[in-house]
Amino acid sequence: MGTRIHKISKYTPSIFQGKLDFSSVSHGVSLSTEHPAESLLFRLLSLILIVAIGGYLYFVSASILNVIARREALTHVSVIQGSIGGLEQRHFELSRGISAESGSSLGLAPISGKTYVYRPGNVGAATIARNEI
């Protein structure tokens, strides 16, 4: 402990030791000072990140809500199809009792002259799109 080093300058650093000089601005870039556009760039990147997270949350929740709405719609469709089946069955039961003779009791008369209309082309044709979703 009795040995003291009075002059440090006589010791040279090794080639493996580096030197970071933050105070020199010899080449125009300094890590010790803030760039004027750094604050603006940080705010812009933060805003972009917030918008991206918000968009992600919106689209995920929208797709989940669409799946839930589709399942509810399919449930309603199956309920309506069941009621249509019951109504068709009732219609067939009631139509068994109707004949040409029962029409006169209801006040209906037979048609004497028949005229048919012919439309060239497919003016009255309608197509139904399948799988619109």
Side-chain angles (χ1 to χ4, degrees):
M1 284 251 214
T3 310
R4 288 186 155 180
I5 300 174
H6 295 287
K7 281 188 127 184
I8 296 179
S9 63
K10 69 178 184 178
Y11 298 103
T12 59
S14 167
I15 60 169
F16 298 113
Q17 292 176 337
K19 178 182 176 186
L20 295 175
D21 189 13
F22 292 117
S23 63
S24 70
V25 190
S26 61
H27 49 77
V29 177
S30 173
L31 296 176
S32 62
T33 60
E34 181 182 11
H35 192 271
E38 186 175 343
S39 172
L40 178 67
L41 185 64
F42 179 73
R43 287 181 187 156
L44 181 67
L45 290 176
S46 299
L47 180 68
I48 289 173
L49 181 66
I50 290 171
V51 168
I53 290 172
Y56 173 76
L57 291 175
Y58 169 76
F59 287 119
V60 167
S61 63
S63 63
I64 289 171
L65 290 177
N66 283 336
V67 168
I68 292 171
R70 184 174 184 269
R71 286 185 183 170
E72 288 178 359
L74 290 176
T75 303
H76 289 297
V77 165
S78 64
V79 168
I80 290 172
Q81 285 178 346
S83 66
I84 287 174
L87 292 173
E88 285 178 347
Q89 183 179 6
R90 180 158 165 79
H91 168 73
F92 289 136
E93 289 174 1
L94 292 175
S95 65
R96 287 185 193 158
I98 298 177
S99 64
E101 293 80 28
S102 64
S104 60
S105 66
L106 295 172
L108 300 175
I111 299 174
S112 60
K114 298 177 185 175
T115 306
Y116 297 99
V117 177
Y118 173 72
R119 288 186 186 176
N122 56 1
V123 175
T127 59
I128 299 172
R130 298 284 179 181
N131 296 329
E132 298 93 25
I133 297 177

remark   = The reported gap from CG in Leu44 to OG in Ser39 (rounded to nearest 0.5 angstrom) is 11.0 Å
inquiry  = Using 0.5 Å steps for rounding, measure from the CG atom of Leu74 to the CD atom of Gln81.
reply    = 9.5 Å
query = Closest heavy-atom contact between Ile80 and Ser83?
reply = O-OG, 2.7 Å
Heavy-atom side-chain contact between Leu49 and Leu45 under 4.5 Å = no
request  = Find out if a path of hydrophobic residues (ILVMFWY) with successive side-chain heavy-atom gaps under 4.5 Å connects Ile48 to Val51.
outcome  = no
message = Please tell me whether Val60 and Ile68 are part of a single hydrophobic cluster in this structure, the criterion being side-chain heavy atoms less than 4.5 Å apart.
response = yes
task = May I ask whether Tyr56 and Ile64 are part of the same hydrophobic cluster, defined by side-chain heavy atoms of I, L, V, M, F, W, Y residues being less than 4.5 angstrom apart, directly or through others?
result = yes
